[in-house]
Amino acid sequence: MMKNAFSIARKEFTDTITSKRLWLIAGIFLLFSIASTYSTSFSFMIGGQQAVRPMAQIASTIASTMAYMAPLLGIALAFDAISGERERGTLRILLSRPIYREDVVNGKIISALAVIGLTIAVSSLASVSVSILLHKVAVTLDDVARICIFIVFSIVLSFAYYAFSLFISTFSNKSSHSLIISIGIWIFFAFILSIISSFVTIAVLGPPPTRAIAVFNRTRRGFGNFTSPGVPASELEEYLSYMRKAAEISSIIQAFSINYHYTQITDSLFGFAAGPLGFGQRERTIASIPTVLSTRLIDIIVLIVFPIVFLVASYMVFTKRQEK
Amino acid sequence: MSLAIETEKLVKIYGNGKSMVKALNSIDMKVPKASVFGLFGPNGSGKTTLISILVGLLLPTSGSARVLGFDATKHSVEIRRRVGLLPEGFGFYDHMTALENLTFLATLDGIPSDQRKKRALRALETVGLKDRADAKVSTFSRGMRQRLGIAQALLKDPELLIFDEPTVGIDPEGAAEFRNLVRRMNREGKTVMLSTHLLYEVGMICTHAAIIREGRLLVQGSVDELYQSVRKEKGFRYEIRVKPGSEIPLQEIRSMPSVVEITQSDNRVTILSKNDMGSSLFSLITKSPYKDLVESLTPVEPSWEEIYRFYQEGG
């Protein structure tokens, strides 16, 4: 049974690896990653500050680019995986062979895993390597391990979107419909949900106190330093209390977003603790890898369960659907 | 009679409630082995649904279907291992060459790796595309794609070939080649089932036929049986050709008991009779003094349009 799946996977892999679509996405990712690491180091130079762990700083910047590119890669590989075969009539030819329907889905998945793995690993390592050479940064063994973990979770994120888009593709007769739905979901998770969370936060807590904003403006210059001299402790507490509540509401709403869970993991991995309502702060110390993995266990589970759910759904829809 | 395909009370319903469509309505069909079986019906009559059920692409709502002795719902993979199918509305991977497409499909057909290329080239040669083996399918015309479709069905050298609208898009020359191919396959002992909405195709190559309309099988049997049953109802027709410029007396023929109608035009006399009177007509003419004026006496088979109309009106 798997023999046929591997035959399909081999063909799919060759088709994808030689497609312009894949090279375009990988190229854009590489370009954005390197450009963003440049802008990060430039902002440090202007601010006259030293990053605590320069490699983590660079990887963190690459991770924020990856948060956008990995889903797009998954969608690009899956949106026409089944619906495209259906549109072109090649599904009829495939299903007229002595194979099981599962072979078709398995073949697509095996190929996608290989392509996603290869693309993300190669482009991440290329971005990191180029950045290291450009910024002349020292790399420790711990940095390498963190980058490897980051690559694994980026593959999982991309595969999560692949699984979702594949699911849409299994019941869609037109690839354009499948693409629109998949991109719509990505936009919702990546952009709209955070806007919604801001609206809900303000609706629940009301606008932040005017004085609290003034406090924030005075303290934001210092990374992680909320005890700026000259700011009364009561005002600081008022501000922090508001922000803590806002962060709680925001995290509850964004828990529905797969992107959010990925960002939580990569932020912890590279020592970037996102502040409430999008204002961030850089932690002075970076937690050890085991600590990151244990504190982010829920995020990891969600990230892994999401694609599994949609893969199972894809199998169910495709094997039950009758192709005339 | 050994059967290649047998269906029993086959029903297929699409949708439910108000949108329910009964695509197949209690189909009992028997396709004898080593026959060329034509499944004729207008567009939307249920031909493709029936074929899809036979190869396990669709599940019947009720009833059963057996293909080469295998149950179509339980052993569809075994069926597809033995059946070469040309589905309707199929496509190929345009970015690949004809040979690459067929080699890939041969892999899925389970053909050993050392034979794939050889089989693919042979199939391409059979359909007259060997010289285009290395051309990308994107450069193929519709007719060439259709021929490539036939080639992929031949890859595994199947016992049974099922062609769904095989000559759609093929030029007359290609259609004639296809008919020759079907005859050759049949001579090799293969069973060929083809669905078509073109009546003349059934008459030209089929040994057996069935007419399907609105999901119901109106009639099935050997082509001779179908002719015979129409003749029995509509009468037997004979044509006498006489030498140009000559005429023969018709009184004797008109007085024969079963003759219903005689029409004459130019050097042709058409006789419609209630019963089969071929031998008595032959005897009458050969013994008559005007026998030298007669060039030929032939029975006129009912046309497939007549057969279809006959069964459409209730047979």
Side-chain angles (χ1 to χ4, degrees), chain A residues 1-23 77 80-108 110-111 115 170-171 173-175 316-324, chain B residues 12 14 23 46-61 70 75-96 100-111 113 116 137-138 145 148-149 151-153 155-156 158 162-164:
Chain A
M1 191 172 164
M2 283 311 279
K3 199 176 130 197
N4 290 325
F6 279 113
S7 300
I8 293 170
R10 204 177 306 124
K11 181 205 153 285
E12 287 291 315
F13 183 80
T14 314
D15 288 354
T16 316
I17 218 78
T18 53
S19 78
K20 286 176 191 159
R21 199 192 290 172
L22 180 77
W23 286 99
L77 295 179
D80 63 347
I82 301 292
S83 57
E85 299 267 7
R86 196 175 280 131
E87 269 177 322
R88 292 188 295 268
T90 45
L91 191 58
R92 290 176 187 191
I93 289 284
L94 278 184
L95 296 180
S96 71
R97 314 335 287 185
I99 60 170
Y100 293 94
R101 282 169 186 237
E102 291 86 335
D103 292 335
V104 178
V105 181
N106 286 338
K108 301 267 178 190
I110 294 166
S111 157
V115 173
T170 52
F171 62 76
N173 285 327
K174 285 189 173 178
S175 299
M316 286 167 70
V317 171
F318 187 63
T319 52
K320 293 267 187 300
R321 187 180 156 126
Q322 300 189 34
E323 306 283 346
K324 198 175 162 184
Chain B
K12 178 66 189 176
Y14 292 115
K47 302 185 296 286
T48 300
T49 297
L50 178 57
I51 288 173
S52 301
I53 289 174
L54 294 178
V55 294
L57 298 180
L58 282 179
L59 291 174
T61 307
F70 293 97
H75 305 291
S76 64
V77 172
E78 285 308 313
I79 291 172
R80 291 197 295 273
R81 211 182 295 285
R82 291 163 174 81
V83 174
L85 173 69
L86 173 74
E88 195 191 18
F90 65 91
F92 283 100
Y93 298 103
D94 280 4
H95 63 284
M96 289 161 67
E100 283 167 350
N101 266 287
L102 292 194
T103 313
F104 168 61
L105 295 173
T107 312
L108 299 181
D109 279 341
I111 295 169
S113 56
R116 282 174 206 152
V137 176
S138 58
R145 282 168 192 263
L148 189 58
Q152 64 79 31
L155 271 176
K156 57 191 153 200
I162 300 180
F163 297 120
D164 196 358

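Within every chain, numbering begins at 1; the chains are lettered A, B, ... in the order of the sequence lines, protein sequences first and strands thereafter. All values reported here derive from a predicted model rather than from experimental measurement.
Taken from OH in B:Y93 to CD1 in A:I93, the straight-line distance is 9.0 Å, to the nearest 0.5 Å. Note: A:S96 OG to B:D109 CG = 7.5 Å, rounded to the nearest 0.5 Å. Of the inter-residue distances, the one linking B:T48 atom OG1 with A:R92 atom CZ reads 8.0 Å to the nearest 0.5 angstrom. How far CZ of A:R321 is from CG of B:L57: 12.5 Å, rounded to the nearest 0.5 Å.
Minimum heavy-atom separation, A:T90 to B:G91: CG2-O, 3.4 Å. Taking each heavy atom of B:H95 and A:D15 in turn, the nearest pair found is NE2-OD1, 2.9 Å. The minimum heavy-atom distance linking A:I99 with B:V77 is given by the pair O-CG2, 3.9 Å. Minimum heavy-atom separation, A:R97 to B:L155: NH2-CD1, 4.2 Å.
Put simply, of B:L105, B:I162, B:I53, the one with the most heavy-atom pairs under 4.5 Å next to chain A is B:L105. Among B:M96, B:R82, B:Q152, the residue making the largest number of heavy-atom pairs under 4.5 Å with chain A is B:Q152. Ranked by heavy-atom pairs shorter than 4.5 Å toward chain A, the options B:T107, B:D94, B:N101, B:L59 are led by B:L59.
Looking at heavy atoms from C-beta onward, A:L95 lies out of side-chain contact with B:V55 at the 4.5 angstrom threshold.
B:F70 is linked by a ring-ring contact (aromatic ring centres under 6.0 Å, His included) to nothing, counting only residues two or more places apart in sequence or in another chain. Under the rule for a ring-ring contact (aromatic ring centres under 6.0 Å, His included), the partners of A:F171 that lie at least two apart in sequence or sit in another chain are A:F167.
Within the 4.5 angstrom heavy-atom criterion, no atom of A:L91 approaches chain B. For B:F90, the parts sitting under 4.5 Å from any heavy atom of chain A are the backbone and the side chain alike. Looking at A:E87, there are no atoms closer than 4.5 Å to chain B (heavy atoms on both sides), in backbone or side chain.
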- Pair B:F104-A:L94, side-chain contact (heavy atoms from CB on, under 4.5 Å): steps then yes or no: CA-CA 10 Å; B:F104 168 61; A:L94 278 184; 3.8 Å; yes

